[in-house]
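All remarks here apply to the structure that follows.
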Amino acid sequence: MALLRVENLHVRFKTPFGALRALRGIDFDLARGDILGLVGETGCGKSVTGRSVMRLLDENAAVTGGRIFFEDADLLRLTEGEMHKIRGNRIAMIFQDPATALNPLFTIGQQIDDVQRTHRAGSTRDRRRARLELMASVGLPDAAQMADVYPHQLSGGQQQRAMIALSLAAEPDVIIADEPTTALDVTIQAQILDLLRRLQRERSISVVLITHDLGIVAETCQKVVVLYAGRVVEKGTVEAIFADPQHPYTRGLLAALPRPGSRGTDLKVIPGNVPSGLEAIDGCAFAPRCEFVMERCQRQLPPLMSLAAEHQAACLLHEAAVHG
Amino acid sequence: MKRFMFILLSIAILALPLMTTVAQDRNVFVYGHPVAFPNLDPSSGNSNENVVMGNVYETLTFYNAPGSAEILSPKLAVSWEASEDSLTWTFNLREGVTFHDGAALNAEAVKKALDRTITIGEGSAWIFGSIASIEAVDELVVQFNLSYAAPLDLILSAGYAAWIMSPNAADQDSAWFNDGNAAGTGPYMIASNEPGQRMILEANPDYWGGWSEGQFDTIVYEIVEDPIVLEQMIRSGDADFTYSLPFDNYGPLAGADGVSVVVTPSFQNLLILLNTVKEPTSSQLVRQALSYSFPYADVVSSLYAGLGTQARGPIPANMWGHGAELMQFSQDLDKARELLAEAGYPDGGFDLVYTHVAADLDEQQVGELWRASLAEIGVDLEIRGLAWQAQWDLALNDPANAQDAFGFYWWPDYITPNSWLTGMFVSEDEPFFNLSYYGNPQFDALVQAAATTSGSDRAAAEAMYVDAQRLLLDDAAAIYVVDLPDIHVIRDDVSGYVNNPGYPHVVFFYDLSR
Amino acid sequence: MAFLSFLIRRLGLSVFVFVGVLILTFIVSRVIPSNPAALYAGARPRPDQVAAIEKKLGLDKPLVEQFRVYVGDLLGGDLGESYHSRRSINTDLRIFLPATLELVIAAVVIALVLGIPIGVLAGAYPRSAFDYATRFVAVAGVSVPSFWLALIAQFIFFSQLGWLPLGSRISRDASLFYPVALQTGFFLIDAAISGNWQAWLDALHHLILPALVLSAYPVGVTIRMTQASMLEVLSETYVTAARAAGLSQRVILFKLALKNAIMPTLTVVGLSFAYSITGAFLVETIFSWPGVGKYVTEAVLNVDFPVIIAVTLVVTVVYILVNLLVDLTQAFVDPRVRLA
Amino acid sequence: MAEPLLTVRDLSMTYVRRFGLFGRGAQPIRALNEVSFEINAGETLGIVGESGCGKSTLARCLLRLLRPSAGSILFDSMDLLALSDDEMRLMRQRMQILLQNPYSSLNPRMNGFDLVAEPLRAHAAMSRKEMSERVASLLVEVGLTVDFMSRHPHQLSGGQAQRIALARALALNPAFVILDEPTSALDVSVQAQIINLLIRLQRQRGLTYLFITHDLSVIQHISDRVAVMYLGKIVEETSSEEVFRDPQHPYTQALLSSTPTPDPTSDRQRIILPGTVPSAANPPAGCAFHPRCAHVMDRCRRVVPAQRNTKADHRVSCHLYDSAQ
Amino acid sequence: MKTRPRFRIESGSSAWFLLRDRAALISMAFLIFVALAAVFAPLLTPYANQGRGDPDLSAKFRAPSIEHPFGADGLGRDQVARLMFGARRSLSMGLIVVLAAMAIGTPIGMVAGYLGGWIDEAIMRVTDIFLAFPPLLLAIAIAAALGASYINAVTAIAATWWPWYARLARAQTLSVRERAYIEAARSIGVRDRVIIRRHILPNIMTPIIVQGTLDVGTAILVAAGLSFIGLGTQAPFADWGVMISDGRLFFLSGRWWMSTFPGLAIFLTAMAFNFLGDGVRVAADPRLRRLL
């Protein structure tokens, strides 16, 4: 039973240049205790998906179809009041740049306390104790002292740890981590990813990890959903996808990465650019860049097809394999 | 927002009752005054503070309102006489007069007060220029020794500089007076002073004239710059007296309930001095043309709402020496064109600069009306509003670069026809107020002769003044615009009011009652 | 430590600016087109009087010497004497400055009390009818000529409704029967100290209209600034993070976001103050309000330069102090300045 | 062996951060600490390190956009630090830099033609026609079309913008190009295009590159040699193959192991460094890396390790290798 | 790649955004209307001479009527004509002040920001001194010293206004100076003055123009204030501030039209410049566009 299930999610943005179809039918499940990677390039819709789940889309964006189940409730049908009880409390979020995601004028302790007070009863003293434990558990040394410190006095890594503590303050079931390490250095990234894995293990928290970095997915996630132009092009277990990518886009991405031994060879290139989302796309969005493009691809929207127990791809190349 | 407005209104309404709780146990007279009192020092003040001075201080002699049998009447001096050569004057002082601070009025006090004014030498103190020394001959007898003949009795009635203050006050500096202190002999004493806002006078219980029923206990000067507010106040009875409203507003006001508009000729007139040394106004013909171009009738009837009268020469109609038979210019543009052509300016074609006091709307509009007329004869008038001092500086620095036409009010320092003619038109080595730079030996001689004759033979002197003015008119040294009226608005329930133009806008409250 | 060095630097700057202001005003005062001595002598002075006064005022000395005397007097706390009224400017300002400050402070308080909450709500609900209305009001507030608004306000509240007095600080009756003993020069304070509630109410009654008129600009500015910084703050990631943490709208708007948004608004307090002073200069005459504005406009008409310069100097110093205060408050509120 | 194209000796750069009243307090920040290396013509040196390690400062010092406080830079046997400002301006024709974010490094108000023509205008007297021919050929060379002459930066995709920036850098036929994280703002698929292009241009024009990045996988693909920087110092320098085969400095090892690889099956031991990079204003005594080092020894806290060759072409600054040589 | 059409829309987007802002659009229309009325005043009113100051005593204080829709003043001059001719002065005062302040302040600020060091410090301290005066106060002092006239009023205001632009230009220059394209230009060997002219100036102009648009309204207000206290335009000509001042004495006693219409004119014009300025700012700044 999935803890979080997204079904056929469509999101549109109103822009001065017309409607932008940011999401054009996204489906995925998040099982309890899993780390699910949402991966794709700029503009593929991965962050929009995260925001949709939190119902924190900007004003000019609207969910135009689909459902998002958390346990048994369709988040899209909850009142704003009910949603308040979910946000932070059951589903929490961490952001790309911790320097901007923490309020500069409040101490770390105050900011965590706000969340605690919103979602958890308890005396000031209890909250304080819980807070210090929490901060210690995310690896903020000297928690008692750190609680009284303002964000600008912390390093980037510490800020992200504080942000994680903030998201854990109400002991949520799901954390949506939107590029949590992109603003950080490699060695700090390793620390934070390690922390996320540990929290997932120890607290059995489920994580949706939004990233553009296939390496992070490979090292951190159990499941992967590859997005392209607002649609899922491939999903499955990490092993299946990295060992045997089936969608031409996934393959192209992996092949484009420089890796040991690639020196002296040309990197594999996906020609062209990502579509903007403003144009209507009838068939497969990847068709214009695809080396295996068939005439049908231009017209027919490829459905997700199961290739193995936990491996699906949305490519007409596999139609034969699946049906035939 | 709504709630805030609500609170605001409640406060407004709460405060309303206060406005109506006027305790009427005191007889209060309110003078709505249009400008603040700049300088309360009786020695140096020479501006609007005279309306206070006239009630707090007194002079030795008093200039009676025109129409009285005598020109002067006794005030602090009960009698006086001059020597044959007019160089020695003896004044006998009133007995039993005390200053507000308790000091007694005596010859020493008078000497000290006038010496102070002469020593400071500011404001109008120059009117005492003839005084060589002052002697306290007796307790109540003061003798003045003059260095040249002068009408000292008249001079000592002046509305500026001639005030007698107590010996103690005479030791103080200007700042002391300007903090609202005073010690005169007058019927009222300064009770409080809120600079720029209001001044309150209380009756002097020990006034030598004594008090009777119906006279006012308290005088309030409300300083209100806005004439509309003044008008509102006088209409509603918030003020008992005011002046300086727009001329157009007096008409409707005269018909209003409970209000009288008192119009009397004043000693003040408005002239436009023409530059007689600078092209093209150095030409007599051009000056005459300009005199013919001026829209006298429009100015008098429209600007001054018919309340003033067109001037006939420099000396106003209520002053002796006025020439009722003198010629009077009127607007005649054809004539003006002819004269210009004769002067070599057939189609005008020159520019003139007219300066006036920046904030004086009347002077400004005089210029605007004249400008329109001048435009018809091809002359362009630039109207330049300047602070008075700047205007004056411009005229003093270099006549050849000065303004061509200078809007100029004149009023006498002490009241003799000589003031107008000597002040504005007798030749000066360094121009001072002769800002036409007029120089006519014949004129100078006539005025000089008239001045010396005036003490002995008034009629002969008068004839000479008129002759002198005839020269001026022929030379067209100035445009004589208007003899100004004093226009005062007073509540009907106040009785006893008579305007005395010798003391401009001073209300002698002691004479009034309700 | 950082705060202390900030404080010292800021104070040093204020002193520097003050000296600059001093020099600049002196320069301006020496390009007067007319002879101040003649002015001092009053209407129609004689030439010998003028010369004597030139000597008395030290105008015959070289400029540098004049500047030395000028600064010397100022440091001795002497602003000089009005050429026109001969009164000591110190004495005058002791009365006029509190009158203006009372008015200006009232206007700024109105601006803050009205402007901040309205700005916060308008910023929080962009594109709502309230937002549009607010924006209109704010632009109207900064666009309306204060002296014209004063006339209109007098027409409505005095002529038509008769609710509020036309002008002046206190009614004649109050000053006759309930005179306020002047201590601070602020009527509302002085009347309250002496328990003179009749006069207090009267003074308040007189204060309302001019203060409201004067507050138009600062209200507009405060609304604009609060709304703009609120919008900016609400688009910050940390606000999204707060929403994602499930915090309530009330906490987000009035606790978290406002604290961030209030900083630029604080700057506006200084500006508001300045603009209210400017407004006071134009409006006081209309309301017969005996403050520095009325004082200086009269001085302008009389080319009474010692007054113009003294007022410029004193008001500027008040403004410098207000800005100093604002800066220090801001530095104190912001831990990034306080602790950096 | 021929003379290296670029020789850097003991380059140090110390900023002074002023604080306090009238800036009387001064805090030196040592951004570069005696950095030495050489680059041979036609070669690519990769500089790798995390933010704050001084790699960007190094790039700017080499072009004298910043003035180094000590050391020497010999470019083509010319001492750059001895040149006058005007001479240096001319020298910049031969040394170019490609910056990280193409959008911010292109003036948004200029179109493709002006952008590419700007260096030509600054240095070469050319007719408008010559110039436009030259711009066109440059655009084609970097894989664009002449259409791009009229486009403004905001009308370009990230990859296209970076190609324009590259065309600009190549306009004066430089011998040496500094590439300062040229692909880190780009998506993976575009990154591959740019990297391929850079390699092709290097081959065709015989360019010498200094490639700065934090991404080790990109470094090993493009560089001949790699220098690893930490807190203003080069801690390890060797060939590209060698650094991956046998990283010796503990920091290099940690960096390599921290870099995620797209291979879920790899079961390598991860080294997770504790703490963060210390501030250059207040560097630790001894070896700057010692507070985070798993192999820290007493000596590390006191003595700055000297650089020594552990192999013929492998230099390390670490006390672990004190016994080598 | 057929990506062109999309870029076409975007390239016109600033103007496009401005045109979508209804308030800015109405404001622009209003300002064009006022400007046309000012420029073509002699052709549009039968009372052109009255607009230039000639009296017509027969119409003295005439209340609004068909002949004189906004009434006539104390010298009988048609107030519509006065307003139209007054617009020439009021608008030009606002524009000249802002343009002069910009022309003085921008280069100074740019040089200060680009060069930095003691030059920057010195220039900024001078602006500090100017900005220490409450607005209008210094202008009053300068105008009083120079004497009342239209030119002197403009000079006085501009003399107190340039430091704002110096500040703004400096702040913008500082931020633009840090942009990578400046470094890129320097690395290519472009000279400093070319960098200032070709890279800095174009990129700091947008906020300066936005500020300028907003400021024109304020400058008109300040100029009207100076005129109101008698330091501006001199008779027989009038700007709107003078007209309010002229009518003020009669406002409460029933002749309301003399002050009301010029006041409205200032109010609406200043508002229009504010809305337009806001519109330009939003249109020019992609970050603000969502606020529309």
Side-chain angles (χ1 to χ4, degrees), chain A residues 40-44 139 141 154-158 181 183-191 193-195 211-222 224 237-243 249 252-274 289, chain D residues 48-53 156-160 183-197 199-200 214-224 230 240-241 244-245 251 254-266 268 270-279 292:
Chain A
E41 292 180 292
T42 313
C44 70
L154 300 179
S155 70
Q158 287 170 324
T181 60
L184 305 175
D185 274 324
V186 187
T187 57
I188 308 301
Q189 166 171 291
Q191 294 171 359
L193 291 176
D194 189 51
L195 173 63
T211 182
H212 66 277
D213 188 331
L214 290 163
I216 291 177
V217 172
E219 294 198 349
T220 318
C221 302
Q222 280 99 39
V224 191
T237 60
V238 168
E239 293 78 11
I241 287 193
F242 281 84
Y249 176 65
L253 272 188
L254 285 167
L257 287 174
R259 38 178 106 215
S262 67
R263 199 176 137 65
T265 65
D266 265 7
L267 291 170
K268 176 97 170 153
V269 163
I270 306 176
N273 289 301
V274 179
R289 304 174 73 186
Chain D
V48 69
E50 295 178 282
S51 52
C53 71
L156 304 173
S157 72
Q160 291 164 343
T183 61
S184 60
L186 305 175
D187 273 323
V188 180
S189 59
V190 182
Q191 168 178 299
Q193 299 171 5
I194 298 296
I195 289 176
N196 288 346
L197 175 63
I199 294 171
R200 181 166 58 78
H214 64 275
D215 189 336
L216 279 164
S217 55
V218 173
I219 280 274
Q220 61 85 23
H221 183 85
I222 197 166
S223 322
D224 300 303
Y230 188 80
S240 182
E241 290 84 10
F244 285 86
R245 197 169 50 230
Y251 176 65
L255 207 55
L256 270 170
S257 111
S258 296
T259 306
T261 49
D263 179 8
T265 54
S266 102
R268 61 203 171 103
R270 279 195 198 87
I271 305 167
I272 294 183
L273 287 180
T276 52
V277 183
S279 153
R292 303 176 74 191

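Each chain gets a letter, A, B and so on, in the order the sequences are listed, and its residues count up from 1.
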- With D/Asp224, which residues qualify under salt bridge (charged side-chain N to carboxylate O under 4.0 Å, His left out), at least two apart?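 Partners of D/Asp224 under the salt bridge (charged side-chain N to carboxylate O under 4.0 Å, His left out) test: A/Arg263.
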A/Asp266 meets the salt bridge (charged side-chain N to carboxylate O under 4.0 Å, His left out) criterion, sequence neighbours left out, with none
Pick from [options]: which one has the most heavy-atom pairs with chain D under 4.5 Å?
options: A/Thr42, A/Thr220, A/Asp194; answer: A/Thr42
options: A/Pro141, A/Ala218, A/Ala256; answer: A/Ala218
options: A/Ile216, A/Leu254, A/Leu253; answer: A/Ile216
options: A/Leu214, A/Thr187, A/Val217; answer: A/Thr187

Interchain contact, A/Thr265 with chain D, by part (heavy-atom threshold 4.5 Å):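 For A/Thr265, the contact with chain D is made by backbone and side chain together.
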Okay, A/Ser155 and chain D: the region with an atom under 4.5 Å from a heavy atom over there is side chain
Taking the side chain as every heavy atom from C-beta outward, state whether [X] and [Y] have any atom pair closer than 4.5 Å.
X: A/Leu257; Y: D/Ser217; answer: no
X: D/Asn196; Y: A/Val269; answer: yes
X: A/Arg259; Y: D/Thr261; answer: no

Is chain A contacted by the side chain of [X], its backbone, both, or neither, given a heavy-atom distance below 4.5 Å?
X: D/Ser240; result: side chain
X: D/Arg200; result: neither
X: D/Ile222; result: backbone
X: D/Ile272; result: side chain

>> For D/Leu273, is there any backbone N or O sitting under 3.5 Å from a side-chain donor or acceptor partner on A/Gln191?
In response: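 A pair under 3.5 Å: yes.
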(message) Using only atom types and a distance under 3.5 Å, with no angle test, would you say the side chain of A/Gln189 pairs donor to acceptor with the backbone of D/Thr259?
(response) no
Comparing D/Ser279, D/Ala192, D/Ser257, D/Ala254 against chain A, the one with the most heavy-atom pairs below 4.5 Å turns out to be D/Ala192
Which value, rounded to the nearest 0.5 Å, describes the distance between D/Ile199 atom CD1 and A/Leu267 atom CG?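 So the gap between those two atoms works out to 6.5 Å.
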In this structure, CD1 of A/Ile270 is separated from CD of D/Gln193 (nearest 0.5 Å) by 8.5 Å
Please find the pair of heavy atoms, one from [X] and one from [Y], that lie closest to each other, and give the distance.
X: A/Glu41; Y: D/Ser189; value: OE2-OG, 2.7 Å
X: A/Phe242; Y: D/Pro262; value: CD2-O, 3.2 Å
X: D/His214; Y: A/Val186; value: O-CG2, 3.8 Å
X: D/Val188; Y: A/His212; value: CG2-O, 4.3 Å

